[in-house]
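One structure is given below, encoded as structure tokens.
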Amino acid sequence: MPESIRWSCKHFDELTSAELYSILRLRSEVFVVEQNCVFLDADDKDQTAWHVMGWKYGELVACSRILPAGAAYQEASIGRIVAASSVRRSGVGRELMRYSLDKLYELLGNVPIRIGAQLYLKKFYESFGFIQSGEVYLEDGIEHIEMVKD
């Protein structure tokens, strides 16, 4: 059982500058540095998103963003799903996904959800009811698939 994580969810307009910095730093640590992937993380979608944050001992260790329908896909979506290396394999990723799904349904209702998932995480997302909905594609040099949960 992972150490207790304090979960919260805020719309972009409600984030403090310290929270936003922590989100951008964690995403950069994992997506840019760890995965050695040069891409523009600041994609102008954060401003329309709700940001899920998991804090442990005052440090952001997991986060995602919830986007309304039309922001990234025709459907609502959850993206930028990330956990710090220090908490991986502890169940935090599952907690993050469960919390993100619960928050999405609370905020937007029982709507379909589309995600762009890294291919190696296919089984993880299938365990939450997502189904592959397209062919494998390369995004920033990493194999991805679109998945849908109705």
Side-chain angles (χ1 to χ4, degrees), residues 1-32 34-35 39 41-134 137 139 142-150:
M1 187 77 179
E3 293 283 332
S4 183
I5 304 287
R6 183 176 51 86
W7 296 101
S8 61
C9 180
K10 293 184 177 182
H11 192 271
F12 180 83
D13 296 332
E14 301 169 311
L15 293 172
T16 67
S17 55
E19 289 168 332
L20 178 59
Y21 180 85
S22 294
I23 289 167
L24 296 174
R25 180 182 169 98
L26 179 57
R27 289 179 359 192
S28 181
E29 282 175 5
V30 174
F31 297 139
V32 178
E34 185 180 312
Q35 294 182 351
F39 79 110
D41 182 43
D43 60 359
D44 287 323
K45 293 182 180 131
D46 286 314
Q47 298 92 320
T48 62
W50 290 270
H51 296 268
V52 171
M53 299 168 282
W55 300 89
K56 181 177 176 182
Y57 304 125
E59 179 184 350
L60 184 69
V61 294
C63 63
S64 70
R65 69 179 180 190
I66 297 169
L67 291 168
Y73 301 105
Q74 183 177 339
E75 302 86 353
S77 65
I78 300 171
R80 297 295 200 264
I81 301 162
V82 63
S85 61
S86 62
V87 297
R88 287 192 208 130
R89 303 202 186 289
S90 70
V92 169
R94 290 204 161 280
E95 282 187 57
L96 171 62
M97 204 57 203
R98 272 194 289 274
Y99 186 88
S100 298
L101 286 165
D102 289 346
K103 275 305 199 186
L104 184 147
Y105 291 135
E106 178 185 318
L107 293 163
L108 303 175
N110 190 15
V111 297
I113 305 167
R114 181 174 299 272
I115 62 173
Q118 292 184 3
L119 181 60
Y120 84 95
L121 291 168
K122 179 182 178 191
K123 288 193 184 320
F124 174 77
Y125 293 116
E126 285 175 338
S127 74
F128 291 97
F130 285 91
I131 298 168
Q132 183 173 343
S133 62
Y137 63 94
E139 183 173 307
I142 299 172
E143 290 183 319
H144 282 71
I145 52 172
E146 285 190 13
M147 301 184 82
V148 175
K149 178 178 172 65
D150 286 323

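Quick caveat: nothing in here was measured; it's all calculated off a predicted structure.
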Chi angles and distances behind the side-chain contact (heavy atoms from CB on, under 4.5 Å) call for Glu14, His11: CA-CA 5 Å; Glu14 301 169 311; His11 192 271; 3.6 Å; yes
Does a sphere of radius 6.0 Å around [atom1] in [X] hold more than 12 heavy atoms from other residues, nucleotides or ligands, not counting ones at 6.0 Å or beyond?
X: Arg88; atom1: CZ; answer: yes
X: Leu107; atom1: CG; answer: yes
X: Gln47; atom1: CD; answer: yes
X: Tyr21; atom1: OH; answer: no

Is any NZ, NE, NH1 or NH2 atom of the basic residue among Arg114 and Asp150 found under 4.0 Å from an Asp or Glu carboxylate oxygen of the other?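 A salt bridge is absent here (no side-chain N lies under 4.0 Å from a carboxylate O).
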Taking NZ, NE, NH1 and NH2 as the nitrogens, is one of them in Glu95 or Arg98 under 4.0 Å from a carboxylate oxygen of the other?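 Salt bridge flag = no for Arg98 with Glu95.
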Take Met147 and Ile131, measure what side-chain contact (heavy atoms from CB on, under 4.5 Å) needs, and give me the verdict at the end. CA-CA 5 Å; Met147 301 184 82; Ile131 298 168; 5.9 Å; no
Are the side chains of [Y] and [X] in contact, using a 4.5 Å heavy-atom criterion?
X: Val61; Y: Trp55; value: no
X: Ser85; Y: Glu34; value: yes
X: Tyr125; Y: Ile81; value: yes
X: Met53; Y: Glu19; value: yes
X: Leu108; Y: Ile113; value: no
X: Ile115; Y: Tyr73; value: no

Please answer whether the main-chain N or O of [Y] pairs with a side-chain N or O of [X] as donor and acceptor at a distance below 3.5 Å.
X: Ser28; Y: Leu24; answer: no
X: Arg80; Y: Asp41; answer: yes
X: Lys149; Y: Phe128; answer: yes
X: His51; Y: Asp46; answer: yes
X: Ser64; Y: Ile78; answer: no

Using the rule given for side-chain contact (heavy atoms from CB on, under 4.5 Å), can you reason through His144 versus Glu139, listing the C-alpha separation, both sets of side-chain angles and the distance that settles it, and then say yes or no? CA-CA 7 Å; His144 282 71; Glu139 183 173 307; 3.6 Å; yes
Go through Tyr99 and Val52 one step at a time and tell me if the side-chain contact (heavy atoms from CB on, under 4.5 Å) criterion holds. CA-CA 8 Å; Tyr99 186 88; Val52 171; 3.5 Å; yes
Is there a donor in the side chain of Gln35 and an acceptor in the side chain of Gln118, or the other way round, less than 3.5 Å apart?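 Per modelled atom types, Gln35 and Gln118 side chains form a pair under 3.5 Å.
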Decide whether Ser77 and Arg65 meet the rule of one side-chain donor and one side-chain acceptor closer than 3.5 Å.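 Judged by distance alone, the side chains do not pair up.
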Apply the test salt bridge (charged side-chain N to carboxylate O under 4.0 Å, His left out) to residues Glu59 and Lys56: give CA-CA distance (whole Å), side-chain angles for both, the deciding distance (0.1 Å), then the verdict. CA-CA 5 Å; Glu59 179 184 350; Lys56 181 177 176 182; over 6 Å; no
So, taking the atom named [atom1] in [X] and the one named [atom2] in [Y], what distance separates them when rounded to the nearest 0.5 Å?
X: Trp7; Y: Cys63; atom1: CH2; atom2: SG; answer: 9.0 Å
X: Leu104; Y: Glu106; atom1: CG; atom2: CD; answer: 10.0 Å
X: Phe12; Y: Ile23; atom1: CZ; atom2: CD1; answer: 9.0 Å
X: Glu75; Y: Glu146; atom1: CD; atom2: CD; answer: 8.0 Å

Flag the pair Phe124 / Tyr120 as yes when their ring centroid distance falls below 6.0 Å, and as no otherwise. no
